[in-house]
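Worksheet for the structure shown next.
Basis for what follows: all heavy atoms, side chains included, without hydrogens, waters or symmetry-related copies. Proteins come first, then strands; the chains are lettered A, B, ... in the order of their sequence lines, and each starts at number 1.
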Amino acid sequence: MFSACPPPIMSTWVPTAYRTHTLGEIQNIGADLIGQEVTVSGFMEANRGKGAICFVDLRDGTGITQIFLKGDNVGDEALDMVQRMTRESTLQFTGTVSEKRPPKAKEGEPVPPPAYEVIATSVNLIARAVAPLPLGVTDTVHVALDTRLDNRFLDLRRSHVNAMFHLRGKILQYGREALIKEGFFETHTPKIVATATEGGTDLFPMMYFDTPAFLNQSPQLYKQLCMSGGLERVFEIGPAFRAEKHDTYRHLNEFISFDIECSWANDEDVMGVLERMIHHMWKSVAEDSESQKHISTINAFRATQDEEAIEVIVPELPFPRLSYCDAIATIQRKGGTIEWGADIDAENSDLLAEDLPQFYFLPRWPMELKPFYIHHVEGEDGSTGRQLSRGFDLNFGRDELTSGGQREHRIDVLIENLKAMALDPEEFEFYVAGFRHGVPPHAGWGLGVERILMKLTGSKNVRETVLFPRDRRRVSP
RNA sequence: GCCCGCUUGGUGUAGAGGUUAUCAUGCAGGAUUGUCAUUCCUGCGACCCGAGUUCAAUUCUCGGAGUGGGCGCCA
């Protein structure tokens, strides 16, 4: 059986109708609770003992505590009920906190730190779990991702999965902290829209009353209108929808996009915002004891699967920058096949990742590979005479995490760009209108939350980092 | 959209044209135990669906469904 304790509790848990203390508290401050009556609730991870006594490993969101039951204390009927109870059943116990008897120490082995248990005086069955479980919460046998996602509610009870989602919350928290500190504030743009963001066909159509509409693929155009509105520094963490029929470890049809838009700034300015934010995320995970405990929990599980431990390497600032032109030259030098003007495919990304296994920027893409709203690089047309842009990507090894850039704020150039990319400015009137009265020069980016989390937690598939992923085949649960 | 794989107890797997279908985990019962990765004993539980080839198909062929991976595209 595999089990790992949740991290130490830093926050204050107020007693509720169903418990006076959390199980984490009993482990953390057990010495102060000895002799005190407590009521605790949780899932029964395991029970031992078929005779006159019984031990229950009870788990809640904060920790695991052993409950000790004796027929003399709880009555034979209750003892029998607990002994016959199925794994993962929901139970409530009232009893007295006591120091656990230490395990028989083997010769030469260090004595473990004191631990605490609850000597039960009464038991309340809240829900019996149906057996067998569709997947074992504490089993070390491998479980296929599809089985896990079909039974996600149980999969989430597994300690390393639980830890992953806590880290997801932490990463978003650290991201918000970093941006707020730099004067950004959180906002929201509509997810139901009338026009394609970038003119593509990869949108989910829907009916908005009697009008055809779409689920938005990106907050891009709306966050730019925020700049026109003088909001200057905004960020948004929200869903984006793409109807592309891809089926890879790094794509979802609904994902969370972490976006910023910043006025009076160019591409290099917002690359700075991005690398400082990521640095803060990684540094915080490395320094926060709760986050570290989550990483340890994940690593403890990985050890049972013969997988290498994940390590949070705080990246140095500034991140490496490899311009598009230099990237092409590097790929060609390494024997890859690519022409200037082509997108960098997965195989060629692997070549770049040989030297840049962690975070690195890829700035200055050819204009023709970037969307209409990206700004040209003035007076610079690249080594081949073709127009460079102020668009950039942020990669982690082979994978793209972010794309961003300085935006085109001049309405005449914007309209030219739309036409050059075979888009009708009329259809983008709601957007173009925002430029008629002047827009500050501005820049921004969009970061894939699932992708960065995949890199932090060593997940092999973005689906692992989403509670209920939406992919080509899965729309339920 | 293209290419390649896979489908065996609840879960994860091994395997072969005729086997008592392997192992782990789990589940049930029992013995022991203030246990703590308990240990020991006994038992339970499976070949995706359809058609074909064959004396015989879970195994081979075809089709379907489901699923995993790679690519394109992207975050």
task = Under 4.0 Å between any heavy atoms, over every strand shown, what does Gln66(A) touch: base, sugar-phosphate, or nothing? Just pick one.
result = base

task = Return the value, rounded to whole Å, for the distance between atom CG of Asp146(A) and atom P of rG5(B).
result = 21 Å

ask   = Distance between the C1' atoms of rC48(B) and rC6(B), in whole angstroms?
value = 12 Å

inquiry  = Any carboxylate oxygen within less than 4.0 angstrom of a Lys/Arg side-chain nitrogen, looking at Glu236(A) and Lys223(A)?
reply    = no

ask   = Has Phe255(A) got its ring stacked on rA75(B), by the test of a centre gap below 5.5 Å and a plane angle below 30°?
value = yes

key: Atom-to-atom span, CH2 of Trp365(A) to P of rA75(B) - whole angstrom   = 11 Å

inquiry  = Using the P atom as the point on both nucleotides, what is the distance between rG68(B) and rG12(B), in whole Å?
reply    = 11 Å

ask   = In whole Å, what separates the P atom of rA14(B) from that of rG66(B)?
value = 24 Å

hbond_proxy Glu117(A) side chain to rG34(B) base (donor-acceptor, 3.5 Å cutoff) = yes

ask   = Is the base of rC73(B) touched by the side chain of His251(A) through a donor-acceptor pair closer than 3.5 angstrom?
value = yes

ask   = When we call it a touch if two heavy atoms are under 4.0 Å apart, what does His142(A) touch: a base, just sugar-phosphate, or nothing?
value = sugar-phosphate

ask   = When you compare rG15(B) with rU32(B), how far apart are their C1' atoms, in angstrom units rounded to a whole number?
value = 37 Å

ask   = In terms of side-chain heavy atoms of Thr147(A), which of rG70(B), rU11(B), rC73(B) is nearest?
value = rU11(B)

task = Could you check whether the rings of Tyr174(A) and His280(A) sit parallel, tilted or perpendicular, using 30° and 60° as the cut-offs?
result = perpendicular

key: Interatomic distance where CG belongs to Asp150(A) and C1' belongs to rG10(B) [whole Å]   = 14 Å

task = Give a yes or no on whether a donor-acceptor pair under 3.5 Å exists between the nucleobase atoms of rA75(B), that is its base, and the side chain of Arg242(A).
result = yes

message = Rounded to the nearest 0.5 Å, what separates atom CE in Met44(A) from atom CZ in Arg128(A)?
response = 9.0 Å

note = To the nearest angstrom, the CG-P distance between Leu203(A) and rA75(B) comes to 13 Å

Whole-angstrom distance between rU11(B) and rU67(B), as gauged at atom P = 15 Å

query = In terms of the nearest nucleotide of RNA chain B, which residue is placed more toward the 5' end: Ala131(A) or Leu149(A)?
reply = Ala131(A)

task = Compute the centroid of each ring, for Tyr360(A) and then for Phe319(A), and state whether the two points are separated by less than 6.0 Å.
result = no

message = Could you tell me how far apart Ile237(A) (CD1) and rA75(B) (P) are, to the nearest whole angstrom?
response = 18 Å

message = Whole angstroms only, please: what is the CZ-C1' distance between Phe55(A) and rU35(B)?
response = 4 Å

ask   = Nearest nucleotide by nearest heavy atom, which residue falls closer to the 5' end of RNA chain B, Lys370(A) or Arg474(A)?
value = Arg474(A)

message = Does rA37(B) have OP1 or OP2 under 4.0 Å away from a side-chain N or O of Thr140(A)?
response = no

task = Give a yes/no on whether any side-chain N or O of Arg473(A) is located under 4.0 angstrom from OP1 or OP2 of rU67(B).
result = yes

task = Could you check which of rC36(B), rC74(B), rG1(B) has an atom nearest any side-chain atom of Lys100(A)?
result = rC36(B)

inquiry  = So that I can tick it off, tell me whether Glu261(A) and Arg407(A) are bridged by a salt bridge, with the cut-off set at under 4.0 angstrom between side-chain N and carboxylate O.
reply    = yes

message = Using a heavy-atom cut-off of 4.0 Å across all strands, would you classify Phe258(A) as base, sugar-phosphate, or nothing?
response = nothing

remark   = Taking Watson-Crick and G-U wobble contacts under 3.5 angstrom, with | marking pairs to another strand and [ ] crossing pairs, the secondary structure of RNA chain B is written (((((((..(((.....[....)))((((((.......))))))...(((((..]....))))))))))))....

inquiry  = Over all strands shown, is Leu401(A) touching base, sugar-phosphate only, or nothing at heavy-atom distances under 4.0 angstrom?
reply    = sugar-phosphate

message = Looking at Arg451(A) and rC74(B), is any side-chain donor or acceptor paired with a base atom of the opposite kind under 3.5 Å?
response = yes

query = Are Arg48(A) and rU32(B) close enough that a side-chain N or O sits under 4.0 Å from OP1 or OP2?
reply = no

message = Assess whether a salt bridge exists between Arg176(A) and Glu186(A), defined as any Lys/Arg side-chain N lying under 4.0 Å from an Asp/Glu carboxylate O.
response = yes

ask   = Any side-chain N or O of Asn461(A) less than 4.0 Å from the OP1 or OP2 oxygen of rG69(B)?
value = yes

inquiry  = Would you measure the distance from the C1' atom in rC23(B) across to the matching atom in rG69(B) and give it in whole Å?
reply    = 26 Å

inquiry  = Heavy atoms only, 4.0 Å cut-off, all strands: where does Arg463(A) land among base, sugar-phosphate and nothing?
reply    = nothing

query = Taking the same atom, P, in rU58(B) and in rC47(B), what whole-Å distance lies between them?
reply = 10 Å

task = Describe the nucleic acid contact of Leu252(A) in one word from base, sugar-phosphate, nothing, applying a heavy-atom distance below 4.0 Å.
result = base

query = Below 4.0 angstrom from OP1 or OP2 of rC73(B), is there any side-chain N or O of Arg250(A)?
reply = no

request  = Just call it for Ala240(A): base, sugar-phosphate, or nothing, with non-hydrogen atoms closer than 4.0 Å on any strand.
outcome  = nothing

task = Kindly indicate whether a cation-pi arrangement holds for Arg152(A) with Phe468(A), taking the cut-offs as under 6.0 Å to the six-membered ring centre and within 45° of the axis.
result = no

task = Tell me what Gly446(A) touches on the nucleic acid: a base, only sugar-phosphate, or nothing, going by heavy atoms under 4.0 Å.
result = sugar-phosphate

query = Would you say rU11(B) has OP1 or OP2 under 4.0 Å from some side-chain N or O of Arg158(A)?
reply = no

request  = Return no unless some side-chain N or O of Ser403(A) is found under 4.0 Å from OP1 or OP2 of rA75(B).
outcome  = yes

ask   = Heavy atoms under 4.0 Å, any strand shown: does Asp343(A) hit a base, just sugar-phosphate, or nothing?
value = sugar-phosphate

request  = Supply the atom-to-atom distance Ser89(A) OG to Met81(A) CE, rounded to the nearest 0.5 angstrom.
outcome  = 9.5 Å

task = Please tell me which of the listed nucleotides, rC27(B), rG1(B), rC73(B), lies nearest to the side chain of Arg87(A)?
result = rC27(B)

query = Touch check for Asp399(A), heavy atoms < 4.0 angstrom, all strands: base, sugar-phosphate only, or nothing?
reply = nothing

ask   = Is the distance between the ring centroids of Phe235(A) and Phe185(A) under 6.0 Å?
value = no

message = Using a strict threshold of under 4.0 Å (side-chain N to carboxylate O), is an ion pair present between Asp150(A) and Arg474(A)?
response = yes

request  = Round to a whole Å and report the spacing from CD1 of Ile67(A) to C1' of rC36(B).
outcome  = 14 Å

query = How many Å lie between CZ on Arg472(A) and C1' on rG69(B), as a whole number?
reply = 13 Å

query = rU42(B) and rA37(B): how far apart are their C1' atoms, nearest whole angstrom?
reply = 23 Å

query = For the atom pair CZ (Arg59(A)) and OG (Ser41(A)), what is the distance rounded to the nearest 0.5 Å?
reply = 13.5 Å

